2 protein chains.
Amino acid sequence: MIENDIFKALADPTRRAIFEKLAGGGMNASALREGMEISQPAMSQHLQVLRSANLVREERQGRFVHYEVNPDGLALIAQWLAKYRAYWPQRIEALKVLLRDMDQ
Amino acid sequence: MIENDIFKALADPTRRAIFEKLAGGGMNASALREGMEISQPAMSQHLQVLRSANLVREERQGRFVHYEVNPDGLALIAQWLAKYRAYWPQRIEALKVLLRDMDQ
DNA sequence: GAATCGCATAAGTGTATGCTTATCTGTTAT
DNA sequence: ATAACAGATAAGCATACACTTATGCGATTC
């Protein structure tokens, strides 16, 4: 189940940090490591998990591999969230902000 | 970190199923177990995890405990998702549906 | 063409996690 | 009161997971 891959991928704080960093702009794996105190294999493994969850996509560029956010994964979370829209009216004010942001 | 609790809670398919069931209407733990092939202690433990993630809240009713969805947890996921709104324009069509649903 | 670089993969290890069985607490019913 | 019931908690266990070190593999650089 793809939904499972996504939530499992995001359950790790290091992976969320990596994802967040990539959301600020795509870069290669070495650049991602800067200031993150994480070994090269660990980074590679995390990126693999994020990739198979469709949260990140890669593109070979010579001997570098460029990574960037894959919106597909985010869209699936949004879909999951939408299933529970019945519970939103109670917090409609907080949500209005989200809606405006998204609808820009 | 609360955000961590939420994603960790949702990383388990059984807990997502429990949450989904509760989203259809609050009920007590025994009722939740019906048709779910899960032991009583396992259900109790899952509910505890969902509870500490603010995805679910409980209310004692005599010797039963009524459980229901807690919108707070959902709101936090929405907030997390909103951070990546920069990636939404690429899928704005799919998102429009979500927006309409939420803004009802 | 040999060394280096960017990254992936393999294998091993400690810890976290989800389950089980057993037991305990608190509430209702007899 | 005591038995039955709803649910929580404890302890143990098997598996999953995130990390480590070591090595492999292409691509570049010298």
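Because only heavy atoms are used, hydrogens play no part in the values below, and waters and symmetry mates are left out as well, while side chains stay in. Chain identifiers are assigned alphabetically (A, B, ...) following the order of the sequence lines, protein sequences preceding nucleic acid strands; residue numbering begins at 1 within each chain. Computed from a prediction, not measured in an experiment: that's the story for all the values here.
Between the CG atom of B/Leu47 and the P atom of D/dA8 there is a distance of 7 Å, given to the nearest Å. Atom C1' of nucleotide C/dC7 and atom CE of A/Met27 are separated by 16 Å, given to the nearest angstrom. If you take CD of A/Gln45 and P of D/dT23, they are 17 Å apart, rounded to a whole angstrom. Nucleotide C/dT15 holds its P atom 17 Å from the CG atom of A/Asp12, rounded to whole Å. Whole-Å rounding puts the B/Phe7 CZ to D/dC17 C1' distance at 18 Å. D/dA27 atom P lies 19 Å from atom NE2 of A/His66, rounded to whole Å. Summarising the geometry, the separation between CD1 on A/Ile38 and P on C/dA8 is reported as 12 Å, rounded to the nearest angstrom. Protein atom CZ of B/Phe64 is 13 Å distant from nucleotide atom C1' of C/dG26, rounded to whole Å.
The shortest heavy-atom contact between B/Tyr87 and A/Leu22 is OH-O, 3.4 Å.
Distances shorter than 4.0 Å separate some side-chain N or O of A/Thr14 from OP1 or OP2 on D/dC19. Phosphate proximity of D/dT20 to A/Ser39: present, with a side-chain N or O under 4.0 Å from OP1 or OP2. At the phosphate of C/dG18, OP1 or OP2 sits under 4.0 Å from a side-chain N or O atom of B/Arg15. Here B/Tyr67 reaches the OP1 or OP2 of D/dA8: one of its side-chain N or O atoms lies under 4.0 Å away. Residue B/Ser44 has no polar side-chain atom (N or O) positioned under 4.0 Å from OP1 or OP2 of D/dT9.
At least one donor-acceptor pair closer than 3.5 Å links the side chain of A/Ser52 to the backbone N or O of A/Gln48. Judged purely by atom type and a 3.5 angstrom limit, A/Arg85 uses its side chain to pair as donor or acceptor with the backbone of A/Ala82. Between the A/Arg16 side chain and the A/Leu10 main chain, a donor and an acceptor come within less than 3.5 Å of each other.
The A/Val65 side chain lies nearest to C/dC7 when the options are C/dT20, D/dG7, C/dC7.
Using a 4.0 Å heavy-atom cutoff across all strands shown, B/Arg51 reaches no nucleic acid atom at all.
Of the residues near DNA chain C, A/Gln40 and A/Arg63, the one whose nearest nucleotide (by heavy atom distance) lies more toward the 5' end is A/Arg63. Comparing A/Pro41 and A/Gly62, the nucleotide of DNA chain D nearest to each residue sits closer to the 5' end for A/Pro41.
Within the 4.5 Å cutoff, no side-chain heavy atoms of A/Arg57 are placed close to those of A/Asp72.
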